[in-house]
Peer 1: 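Next up is a structure, given as structure tokens.
Note that ligands are numbered from 1 as they come in the structure, with each ligand's atoms numbered from 1 the same way.
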Amino acid sequence: MKILVVNAGSSSVKFNLYESSGEKLLAKGLIERINAPDTRMKYSNHRGQKMEKDITANSSEAAISEACLALMDKKTGVIGNLTEIEGIGHRVVHGGATISGAVRISPAIKQVILDCFSLAPLHNPPNYEGIEACEHLFPNVPMVAAFDTAFHQTMPSSAYTYAIPHDIADKNQIRRYGFHGTSHQFVSVAAAGILGRDLDTLKLITAHLGNGCSITAVNCGKVADTSMGLTPLEGLVMGTRCGDIDPAVVIFLRRLGYSLEEVDRMLNKESGLRGLAGSNDMRDILKAIANGSTAAKLALDVFTHRLVKYIGAYAAVLNGFDALIFTAGVGENVPVVRAMVCAQLTYLGVHLDPALNKANALTISQKGAMPAVLVIPTKEELMIARETLRILTT
Ligand code: ADP
């Protein structure tokens, strides 16, 4: 069964086509800068063929149509026609407090996604548009939505409740939701496989360190706590987001005369690594440090300090842990971040093997050391394909 996974964002669409038997990735692509004069598609297939070209696409539907043409292309395509696609999985960011797993898309589920527009104004609208586009392009193909928030719905109320007046919180659905759930779930399942244990016997700390960063404490397959909150702004230091700050900073900035929009942009787009050292890209930060930049060194120190703090907190929440998992761009590729963090965790029994860490090996802790430290490449799209298959075949 061939399953198409669609991740429709505000200006881009990512697509992955899987053959579900054997979980084989047949082709993947990215269409960037939709509705701009320089829309571009990058595409590759399982035969190693690559294609990159300028296209015209002024909507998600136009972009997904272009993706379909690429998948059927005589030279680089992987299917003869679209009827070969028997299921479509959509990434949706926010499912609110009612969605606790991937679900088949129905009018009621579409309404839930619509109802969450105000909670994820940048993400849910384009996700919804992607679903409607596929309904037009594939009228008879069943579709599934996999939500970034769903895995975190297993969190206890002590972890998701903010200590603000409960009537206001309840009325306005203000609580911790958590994001990157598909990634945290994928690496948790993978870690159980690597450790040769059942997930429901394990205490894990999963650190997703990409442009957006979040960390989750997973107790026996259920989320005990996670760092992102009502929105993806809370928690760790990120590429452009500040993560945790005193909420009074917002009040203070408003009193100084900054508008709501300015504060929003500052904290979401101009803070984090970019705010501290001018770039949201960890590679730039590392280069700048090598060239003697003290601002870049401080940015790295703030980034790792925050991570260490969260790991210590989650070790306490879990009352000890079996494995720490690093994933996503920085987690998978930057040994120095892992080394700096783990050097502060020896009191918990964490001991890295420097050579394995430098090689980005799957297990980077010393042989026999507990907790184990793992580097697991995240595959959110594969997780969505798995969930789509599961829902459409059971
Ligand atoms: P996104 O959240 O956009 O999916 P990614 O998971 O791709 O983000 O992570 C992006 C971050 O990972 C950037 O800070 C980038 O610098 C960093 N990164 C990716 N690959 C490497 C690498 N080989 N070396 C250092 N940093 C890397």
Peer 1: Can you sort out which atoms of ligand 1 are near N280, meaning under 4.0 Å from one of its heavy atoms?
Peer 2: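 Those of ligand 1 that fall under 4.0 Å from N280 are 14 (O).
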Peer 1: Quick one: pull up CG in D148 and NE2 in H123 and give me the separation to the nearest 0.5 Å.
Peer 2: 8.0 Å
Peer 1: Which of these, V336, N211, T378, I285, has its nearest heavy atom closest to atom 2 (O) of ligand 1?
Peer 2: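 Going through V336, N211, T378, I285 one by one, N211 has the nearest heavy atom to atom 2 (O) of ligand 1.
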Peer 1: Any heavy atom of G239 closer to ligand 1 than 4.0 angstrom?
Peer 2: no
Peer 1: Check ligand 1 against V334 and write out every atom of the ligand that is under 4.0 Å from a heavy-atom position of the residue.
Peer 2: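 Listed by number with element: 25 (C), 26 (N).
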Peer 1: Starting from atom 13 (C) of ligand 1, what is the nearest protein heavy atom, named by residue and atom, and what distance separates them?
Peer 2: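 Going atom by atom, the protein heavy atom closest to atom 13 (C) of ligand 1 ends up being M282 N, 4.0 Å.
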Peer 1: Heavy-atom distance under 4.5 Å between the side chains of L382 and L25, does that happen here?
Peer 2: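 No, their side chains stay 4.5 Å or more apart.
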Peer 1: Go through the steps to decide whether T39 and E32 satisfy the test side-chain hydrogen bond (donor to acceptor under 3.5 Å, both in side chains), and finish with yes or no.
Peer 2: CA-CA 6 Å; T39 309; E32 286 177 297; over 6 Å; no
Peer 1: If you round to the nearest 0.5 Å, how far is CD1 of I194 from CG of L374?
Peer 2: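 Between atom CG of L374 and atom CD1 of I194 there are 5.5 Å.
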Peer 1: How far is atom 4 (O) of ligand 1 from the closest protein heavy atom, and which atom is that?
Peer 2: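 Protein heavy atom with the smallest distance to atom 4 (O) of ligand 1: K14 NZ, 4.9 Å.
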Peer 1: Should G210 be counted as touching ligand 1, given the test is an N or O pair under 3.5 Å?
Peer 2: no
Peer 1: From the options G331, P377, A328, G329, select the one whose nearest heavy atom is closest to atom 9 (O) of ligand 1.
Peer 2: G329
Peer 1: Considering only heavy atoms, which of D281, L286, N333 lies nearest to atom 21 (C) of ligand 1?
Peer 2: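 Ranked by closest heavy atom to atom 21 (C) of ligand 1, first place is N333.
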Peer 1: Would you please say whether a donor-acceptor pair under 3.5 Å links the side chains of E270 and T240?
Peer 2: no
Peer 1: Could you tell me if T161 and H166 have a donor-acceptor pair between their side chains, going purely by distance under 3.5 Å?
Peer 2: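 The criterion, which ignores hydrogens and geometry beyond distance, is not satisfied for T161 and H166.
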Peer 1: Any nitrogen or oxygen of V330, side chain or backbone, less than 3.5 Å from one on ligand 1?
Peer 2: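 Between V330 and ligand 1 (N or O atoms, distance only) the closest approach is under 3.5 Å.
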Peer 1: Taking the side chain as C-beta and beyond, is there a heavy-atom pair between L230 and Y162 under 4.5 Å?
Peer 2: yes
Peer 1: Closest non-hydrogen protein atom to atom 25 (C) of ligand 1, residue and atom name please, with distance?
Peer 2: R283 CG, 3.2 Å
Peer 1: Regarding D281 and S279, is there a side-chain donor-to-acceptor distance under 3.5 Å anywhere?
Peer 2: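 No, S279 and D281 have no side-chain donor paired with an acceptor closer than 3.5 Å.
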Peer 1: Can you list the atoms of ligand 1 that are under 4.0 Å from a heavy atom of G212?
Peer 2: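 Listed by number with element, the hits are 2 (O).
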